[in-house]
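Reading through the structure tokens given below for one structure.
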2 protein chains.
Amino acid sequence: MGASAKLDRSAILEAAFEVLNQEGLEGLSLRLVAEQLGVQAPALYWHVRNKAELISLMAATFAEASGRAVLAGRTWQDKLILSAQARRQAMLARRDSARVCVMAQPLRSAAEAAPQLTAPLVTAGLTSRQALSYQAAVIAYTVGWVAYEQSQAMHDFLTQLIDFDASFTTGLHAMVRGFGAGESGS
Amino acid sequence: MGASAKLDRSAILEAAFEVLNQEGLEGLSLRLVAEQLGVQAPALYWHVRNKAELISLMAATFAEASGRAVLAGRTWQDKLILSAQARRQAMLARRDSARVCVMAQPLRSAAEAAPQLTAPLVTAGLTSRQALSYQAAVIAYTVGWVAYEQSQAMHDFLTQLIDFDASFTTGLHAMVRGFGAGESGS
DNA sequence: ACCTGAACACCGTTCAAGT
DNA sequence: ACCTGAACACCGTTCAAGT
């Protein structure tokens with residue numbers, strides 16, 4: 001509804017998540033975001049290039065949560081697992097977050113994002129190629145998993161057959177454990 | 001452009017994929033699909049409930065490709081790997097297919113889809129819980145991976161650093177190998 | 001049964017104009 | 001610098017009406 005504060009990127013981002021939670025991605029429109037802020041839709045264009053950029057900013061939120069967590073672990077295995085768990089938790093706090101991630105197009109050239117993403121893993125002993133490849137696999141798994149988890153029909157059904165937390169973690173550990181096994185023989 | 005043949009679900013599906021390839025998911029509209037068929041947009045509603053159902057039908061296409069491949073393998077590990085590879089190949093043949101999969105909502109109640117999805121794996125020795133959990137993980141990984149692979153900016157950059165085929169396969173084998181390791185100790 | 005034409009309530013985005 | 005009002009070219013969907 002009509003609001004105060006001042007209009008900037010972070011206020012718009014917050015309002016966008018509010019609309020997302022209420023309406024889902026289908027219902028996320030700049031007009032509703034503007035209304036949430038007590039402002040007219042074209043006003044948003046002063047702070048944000050277009051809707052695509054807004055969605056990318058929303059998606060970046062989850063990458064940031066993941067990026068903080070990757071610092072915590074000791075081994076590269078721990079880092080991969082912690083960053084994936086953090087990403088999933090951050091995503092589960094928002095409706096349709098997986099759809100947002102998949103619709104988003106990277107903000108910075110991936111060329112600048114990659115080093116920051118992989119540096120902690122390289123410090124922990126991986127080559128930069130391994131770090132990139134493993135991170136890509138873990139992120140893909142996490143986003144894909146949350147997509148299913150957030151699909152209403154899937155959720156209603158699967159929730160009584162499998163434990164989402166446990167199954168996600170099983171798959172994650174399996175993958176990360178498998179990375180290690182790949183290096184040192186069978 | 002103006003076309004002939006007769007209008008039915010499969011013709012609409014084909015036209016939708018044509019529009020998808022040309023315009024991407026953002027540009028996929030019922031009006032363009034109708035134009036592709038030489039027909040007016042409301043005509044589509046006789047054959048398809050709405051746009052959401054059309055997108056779900058498109059997504060089902062990839063599940064079918066995967067469902068055929070799962071029959072081929074001998075062990076459950078082989079079946080998981082073959083079905084994932086087939087799904088990825090089918091998806092890579094279409095633009096924005098990962099976005100389509102993530103936006104789609106399941107057609108049949110997941111309750112009917114699940115047995116068909118897991119039966120071959122149960123035959124190969126898994127419990128139905130394991131089959132469901134492992135399949136979910138593998139599908140999540142595959143769809144998530146293709147999402148990154150189809151993201152233009154990601155692709156342009158990563159393509160010169162990692163081999164998509166090899167990295168996907170590495171992650172897939174790692175996960176499936178890890179499933180086995182999870183059962184029998186360490 | 002199957003399709004058209006016209007309409008409704010929305011979109012994202014642009015742009016002159018205000019302050 | 002920052003926002004409004006009005007407009008443009010689109011959407012998905014409904015529904016009477018045609019055949």
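Sequence lines set the chain letters: A, B, ... in the order given, protein chains first and strands last, and positions in each chain run from 1.
Where pairing requires Watson-Crick or G-U contacts shorter than 3.5 Å, the helical stems of DNA chain D with at least three consecutive pairs are C:4-8 with D:12-16, C:12-16 with D:4-8.
Summarising the geometry, the separation between CZ on Arg31(A) and C1' on dT13(C) is reported as 9 Å, rounded to the nearest angstrom. Here the P atom of nucleotide dT13(D) and the CG atom of Leu30(B) are 6 Å apart, to the nearest Å. In this structure, CD1 of Ile12(A) is placed 11 Å from P of dC2(D), rounded to the nearest angstrom. Between Glu23(B) atom CD and dC11(D) atom C1' the separation is 14 Å, expressed in whole Å. Between Glu35(B) atom CD and dC3(C) atom C1' the separation is 17 Å, expressed in whole Å. One atom, NZ of Lys51(B), and another, C1' of dT14(D), lie 17 Å apart when rounded to the nearest Å. Taking atom CG of residue Leu44(A) and atom P of nucleotide dG12(C), one finds them 10 Å apart after rounding to whole Å. With rounding to whole Å, Gln40(B) atom CD is found 14 Å from dA7(C) atom C1'.
With values rounded to the nearest 0.5 angstrom, Met91(A) atom CE is found 11.5 Å from Arg99(A) atom CZ. The line from CE of Met103(A) to OG of Ser56(A) is 10.0 Å long, rounded to the nearest 0.5 Å.
With distances taken from any side-chain atom of Val39(B) to the nucleotides dT13(D), dC3(D), dC3(C), the minimum falls on dC3(C). Of the candidates dG12(D), dC3(C), dT4(D), the closest approach to any side-chain atom of Ala43(A) belongs to dT4(D). The side chain of Trp46(A) lies closest to dC2(D), out of dG12(D), dG12(C), dC2(D). Closest to the Tyr45(A) side chain, of the nucleotides dG12(C), dT13(D), dG5(D), is dG12(C).
Of the side-chain N and O atoms in His47(A), none sit less than 4.0 angstrom from OP1 or OP2 of dA1(D).
Arg9(A) and Glu14(A) are not joined by a salt bridge, as no carboxylate oxygen comes within less than 4.0 angstrom of a charged side-chain nitrogen. Taking the charged nitrogens against the carboxylate oxygens, Arg129(B) and Asp163(A) have no contact shorter than 4.0 Å, which rules out a salt bridge.
Both the sub-6.0 Å distance and the 45° axial angle are satisfied by Arg94(A) relative to the ring of Phe17(A).
Backbone-only engagement by Leu28(B) is indicated by non-hydrogen atom pairs under 4.0 Å involving sugar-phosphate atoms exclusively.
DNA chain D is contacted by both Ala52(B) and Pro42(A); Pro42(A) maps to the nucleotide lying nearer its 5′ end (nearest heavy atom per residue). Of the two residues contacting DNA chain C, namely Gly27(A) and Arg49(A), the nearest-nucleotide position lying further toward the 5' end is that of Gly27(A).
In this structure, His155(A) has its ring center at least 6.0 angstrom away from the ring center of Tyr148(A). Ring centroid separation for the pair Trp145(A) and Tyr141(B) does not come in under the 6.0 Å cut-off.
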